[in-house]
Amino acid sequence: MIVVRRVVCPGSFDPVTNGHLDIIGRASRLYDEVVVMVSINLAKKSLFTVEERLDLIREVTRDLGNVKVDSFRGLTVDYCKQHDIPVIVRGLRAVTDYDYELQIAQMNHRMSGVETLFMATNPLYAFLSSSLMKEVVQWGGDVTGLVPALVHDRLIERLKDA
Ligand code: ADP
């Protein structure tokens with residue numbers, strides 16, 4: 001029997017940044033398959049639609065070869081159960097991420113037994129977040145090298161009239 005070692009990277013990805021990509025790329029070298037799951041949160045205002053976010057992630061992870069994209073509305077652990085995925089990977093940027101991430105990871109484990117593995121962010125991207133990228137681009141700041149070129153173009157296009 002062939003066992004596929006699969007992991008999920010959940011998040012909003014509004015839009016995907018080089019910080020996300022760094023974590024996804026490193027996870028893709030550790031596992032047979034990485035599922036990047038865009039969580040649908042109707043209460044959260046987003047700049048890009050779920051479909052747009054999925055397309056961007058698909059484009060910028062194509063070369064990795066073992067990355068799939070999907071979206072889901074509900075608990076990440078329910079997605080894991082439905083797709084037989086035992087592990088969630090999350091990036092940890094700084095202590096500010098820690099409290100929240102620990103709480104979610106412990107709750108997820110209690111609910112389902114699904115494990116959360118934390119990957120220390122590449123220090124090059126430790127200050128990066130999707131919201132900061134949006135804020136900077138909106139006011140004409142330069143985020144070259146912090147998001148993939150395709151995402152950069154889409155951000156400028158989307159925010160030029162904002
Ligand atoms: P969420 O709304 O769930 O926090 P995000 O899209 O902001 O979704 O983040 C998804 C995942 O990517 C989380 O594990 C987050 O910690 C990680 N992440 C976000 N930004 C970075 C970054 N700059 N470097 C490494 N990991 C990051």
Side-chain angles (χ1 to χ4, degrees), residues 6-31 33-61 64 66-80 83 85-109 111-112 114-138 141-152 154-155 158-159:
R6 206 180 281 134
V7 69
V8 65
C9 294
S12 313
F13 304 102
D14 185 39
V16 63
T17 69
N18 284 351
H20 293 130
L21 264 186
D22 180 66
I23 299 288
I24 296 165
R26 284 156 66 195
S28 87
R29 290 191 285 278
L30 294 173
Y31 287 87
E33 191 175 291
V34 176
V35 182
V36 181
M37 192 268 275
V38 174
S39 35
I40 303 174
N41 182 349
L42 300 177
K44 218 167 164 180
K45 202 174 164 292
S46 60
L47 182 66
F48 295 97
T49 66
V50 171
E51 278 313 316
E52 288 171 332
R53 283 179 264 164
L54 290 171
D55 285 344
L56 286 174
I57 300 166
R58 203 175 286 122
E59 282 302 318
V60 301
T61 58
L64 293 172
N66 61 344
V67 176
K68 291 193 166 167
V69 298
D70 201 358
S71 61
F72 186 68
R73 185 163 170 240
L75 295 173
T76 303
V77 292
D78 286 339
Y79 183 87
C80 290
H83 294 84
I85 300 176
V87 180
I88 297 169
V89 164
R90 297 280 291 177
L92 269 191
R93 281 167 287 192
V95 281
T96 41
D97 281 340
Y98 181 80
D99 282 346
Y100 174 74
E101 291 292 342
L102 192 66
Q103 194 181 10
I104 303 290
Q106 288 167 336
M107 188 66 192
N108 283 340
H109 190 261
M111 286 191 291
S112 63
V114 170
E115 297 290 356
T116 300
L117 300 185
F118 293 111
M119 211 175 259
T121 298
N122 182 329
L124 285 175
Y125 306 124
F127 61 96
L128 267 193
S129 68
S130 299
S131 40
L132 185 60
M133 296 303 94
K134 288 182 273 195
E135 175 105 19
V136 170
V137 171
Q138 178 164 9
D142 185 10
V143 296
T144 310
L146 302 179
V147 294
L150 174 66
V151 173
H152 198 214
R154 292 287 190 283
L155 271 173
R158 185 61 49 97
L159 289 167

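When a ligand or atom number is given, it counts from 1 through the structure's own listing order. The shown structure was predicted, so the numbers you read here are calculated from the model rather than taken from an experiment.
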Side chain to side chain, [X] and [Y], heavy atoms closer than 4.5 Å:
| X | Y | value |
| --- | --- | --- |
| Arg93 | Ser129 | yes |
| Leu54 | Arg58 | yes |
| Leu47 | Leu159 | yes |
| Asp70 | Tyr79 | yes |
| Met107 | Ile104 | no |

Review point. For Asn41 and Ser39, does a side-chain donor sit closer than 3.5 Å to a side-chain acceptor?
Key: no
Would one find an N or O of [X], backbone or side chain, under 3.5 Å from an N or O of ligand 1?
| X | result |
| --- | --- |
| Ser12 | yes |
| Tyr125 | yes |
| Leu92 | no |
| Gly91 | yes |
| His20 | yes |
| Arg90 | yes |

Point to revise | Heavy-atom pair of closest approach, residues Ile85 and Val8 | key: CG2-N, 3.7 Å
Point to revise | Minimum heavy-atom distance between His83 and Arg6, given as atom pair plus value | key: O-NH1, 2.9 Å
**Study point:** Proximal atoms of ligand 1 relative to Gly19 (non-hydrogen, under 4.0 Å)
**Key:** 22 (C), 23 (N), 24 (N), 25 (C), 26 (N)
Study note, to complete from the structure: Numbered in order shown, the ligand 1 atoms found under 4.0 Å of a heavy atom of Thr121 are 24 (N), 25 (C), 26 (N)
Check your understanding: Among the heavy atoms of Thr17, does any lie under 4.0 Å from an atom of ligand 1?
Key -> no
Practice item. Answer with yes or no whether Ala126 contacts ligand 1, where contact means a heavy atom under 4.0 Å from a ligand atom. Key: no
Backbone, side chain, both or neither: what part of [X] comes under 4.0 angstrom of ligand 1, heavy atoms only?
| X | result |
| --- | --- |
| Lys44 | side chain |
| Ile23 | side chain |
| Pro10 | backbone |
| Arg93 | side chain |

Check your understanding: Excluding sequence neighbours, so at least two apart, what forms side-chain hydrogen bond (donor to acceptor under 3.5 Å, both in side chains) with Gln138?
Key -> none
Exercise for review: Going by the salt bridge (charged side-chain N to carboxylate O under 4.0 Å, His left out) test, name the single residue among Lys45, Arg154, Lys134 that passes it with Asp14.
Suggested key: Lys134
Study note, to complete from the structure: protein heavy-atom neighbour closest to atom 6 (O) of ligand 1 works out as Phe13 N, 2.9 Å
